[in-house]
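Some notes on the structure that comes next.
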Amino acid sequence: MGFKIGCIPGDGIGPEIVREARKVLDAVGKKYGHEFEFTEIDMGGCSIDKYGVPLTDEAIEKAKASDAVLMGSIGGNTSTSPWYKLPPEKRPEAGLLKIRKSLGLFANLRPSYLYEELKDACPLRAEVAEAGFDMLIMRELTGGLYFGERYTKEVDGVMTAVDTLSYNENEIRRIAVKAFEIAGKRRKKVISIDKANVLDSSRLWRKVVNEVAENYPDIELEHMLVDNAAMQLVKNPAQFDVVLTENMFGDILSDEAAEISGSIGMLSSASLNETKFGLYEPSGGSAPDIAGKNIANPIATILSAAMMLRFTFDLDKEADAIENAVREVLKAGIRTGDIMSDGCRRVSTSEMGDEIVNRI
Ligand code: NAD
């Protein structure tokens, strides 16, 4: 079968890690008889340098014409790069917000998985790490506090800042449906996070999630307050399968879940809209400190490509092949610098890509 993939290498380590993911997709295509056709799209700092804006309308059209988009990362050193002297709407990150909005990407998925071979890198107590964990944070991406009305003004002589947290039932329902559907492909458990003891938006969240749950009788649902969730993530992460949450809670909890898994270079992510379309990218940034040195870990991007095969193209067998190849590479003691430990063999970005290709 043929699939059209929009490809955004971006800035920093972006081009290096995307190159390896494309290599792996080509190997999967060859083995399983698929054709992946790639169209390059400029976004971020590289687009500012060429066109003066982080994302052109033409780039958005190219993304919309694709079946899915695979991205590296965008942005530079926020203290030294001239991109950060521009007004906020012209900076690299504005491109990311614009593409998410233009493509209607409202559901952000971030898996956090502790590999047996990387348990030493887990900052949790040994017995907690020993139990392992395998969770998927499903974060609402286009509503809530980050998109509500905001202003700063003087009220009765006192400077006052206001941010508004608003959700309507449709926004909650569509992400809850995604969470239950994906839980059906996993261990069939959804833990929904809110602050229903205080916030109206959370009480509506809980009500709508309960309604959606009625259509999925085989999926177990539990509600958890966000402060408790922050504790449970470090105390007993094994209890989580799909974690469903609104935008700001998800922003914070997904970084906590990333940290306990040991390395940012291992964590994939996906942002989905109401159709099968998705934008797939590693959870980390453009890592300007190691860019251009061929030492970045490409595994997060390669695993993001596996998510693309699973969630957009419904190619589960092919996605399994990539995930198994990554596991075998780790078992063989092959490591990039960020996940290096005693007795392992250190490889470059491109060598890691080759090792994974060899195991497809
Ligand atoms: P970062 O994730 O780029 O880097 C944090 C640390 O993790 C660095 O030490 C880096 O070397 C390391 N790291 C990250 N990815 C790695 C990989 N694949 N292999 C090995 N080590 C890796 O975060 P930052 O330094 O806060 O941000 C740098 C730039 O990235 C900023 O401009 C920021 O805005 C941007 N950013 C972009 C995205 C995105 O494109 N979605 C996400 C986050 C940050």
Side-chain angles (χ1 to χ4, degrees), residues 7-21 24 41-49 54-55 59 63 69-86 88-101 103 105 108-110 118 121 123 139 141 146 250-252 254-255 257-259 261-271 278-305 307 326 329-330 334-341 346-353 356:
C7 191
I8 305 179
D11 308 312
I13 59 169
E16 301 166 57
I17 54 184
V18 164
R19 191 178 309 129
E20 299 315 308
V24 172
I41 301 173
D42 289 319
M43 188 170 106
C46 61
S47 173
I48 297 174
D49 292 344
L55 186 70
V69 172
L70 179 68
M71 186 179 134
S73 49
I74 49 109
N77 184 314
T78 48
S79 314
T80 57
S81 164
W83 298 328
Y84 296 92
K85 300 214 162 52
L86 296 167
E89 70 280 7
K90 293 260 174 71
R91 291 181 191 172
E93 287 70 15
L96 195 54
L97 294 181
K98 190 169 169 191
I99 202 167
R100 282 181 183 157
K101 195 161 178 224
L103 299 172
L105 304 173
N108 181 243
L109 277 66
R110 276 172 65 169
L118 300 182
R139 164 189 170 193
L141 209 55
Y146 299 170
D251 189 7
I252 298 166
S254 60
D255 269 13
E259 178 59 28
S261 78
S263 170
I264 191 83
M266 299 293 297
L267 294 171
S268 53
S269 90
S271 300
L279 182 144
Y280 297 86
E281 56 172 324
S283 293
S286 60
D289 52 330
I290 57 167
K293 296 182 178 159
N294 197 25
I295 57 172
N297 187 347
I299 292 180
T301 319
I302 290 168
L303 291 173
S304 301
M307 284 180 92
V326 168
V329 160
L330 295 177
I334 297 165
R335 303 278 192 275
T336 43
D338 57 315
I339 51 171
M340 185 64 192
S341 56
R346 191 183 184 124
V347 294
S348 66
T349 309
S350 48
E351 285 166 339
M352 180 57 96
I356 293 170

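Because only heavy atoms are used, hydrogens play no part in the values below, and waters and symmetry mates are left out as well, while side chains stay in. Atoms within each ligand, like the ligands themselves, are counted from 1 in listed order.
- Looking at Thr336 against ligand 1, nothing comes within 4.0 Å, counting heavy atoms.
- Rounded to the nearest 0.5 angstrom, Ser350 OG and Arg19 CZ are separated by 8.0 Å.
- Residue-ligand proximity, Ile290 to ligand 1, at heavy-atom distances under 4.0 Å covers atoms 11 (O), 20 (C), 21 (N).
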(request) Begin from the C-alpha positions of Met266 and Asn297 and carry the test side chain to side chain contact (heavy atoms under 4.5 Å, CB included) through to its verdict. (result) CA-CA 7 Å; Met266 299 293 297; Asn297 187 347; 3.6 Å; yes
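- With a heavy-atom cut-off of 4.0 Å, Asn297 touches ligand 1 through backbone and side chain alike.
- At least one heavy atom of Pro288 sits closer than 4.0 Å to an atom of ligand 1.
- Put simply, atom 7 (O) of ligand 1 has protein non-hydrogen atoms near it, under 4.0 Å away.
- Considering Gly76, Ser73, Gly75 only, the shortest heavy-atom separation from atom 31 (C) of ligand 1 involves Gly76.
- Distances from atom 28 (C) of ligand 1 to the protein include at least one heavy-atom value under 4.0 Å.
- At least one N or O atom of Glu281, backbone or side chain, sits closer than 3.5 Å to an N or O atom of ligand 1.
- Contact annotation for Ile17 and ligand 1: no heavy atom of the residue comes within less than 4.0 Å of the ligand.
- By the 4.0 Å N-to-carboxylate-O rule, Arg110 lies close enough to Asp255 to be salt-bridged with it.
- Neither the backbone nor the side chain of Trp83 has a heavy atom within less than 4.0 Å of ligand 1.
- Across the listed options Asp338, Ile264, Thr78, Leu96, Ile264 owns the non-hydrogen atom lying nearest to atom 22 (C) of ligand 1.
- The shortest side-chain heavy-atom distance between Met352 and Ile334 falls under the 4.5 Å cut-off.
- When side chains are defined from C-beta on, Thr349 counts as touching Glu20, because their heavy atoms get closer than 4.5 Å.
- Protein heavy atoms are found inside the 4.0 Å sphere centred on atom 18 (N) of ligand 1.
- Taking each of Asp289, Ile8, Ile13 in turn, the one with a heavy atom nearest to atom 9 (O) of ligand 1 proves to be Asp289.
- Here atom 43 (C) of ligand 1 lies nearest to Gly285 when heavy atoms of Pro298, Gly285, Gly10 are compared.
- Atom 33 (C) of ligand 1 has as its closest protein heavy atom Glu93 OE2, 3.5 Å.
- A donor-acceptor distance shorter than 3.5 angstrom exists from the side chain of Ser283 to the backbone of Ser268, with no hydrogens or angles considered.
- Within 6.0 Å of CD in Glu259 there are 12 or fewer heavy atoms belonging to other residues, nucleotides or ligands.
- Rounded to the nearest 0.5 Å, atoms CG (Asp289) and CD1 (Ile13) are 8.5 Å apart.
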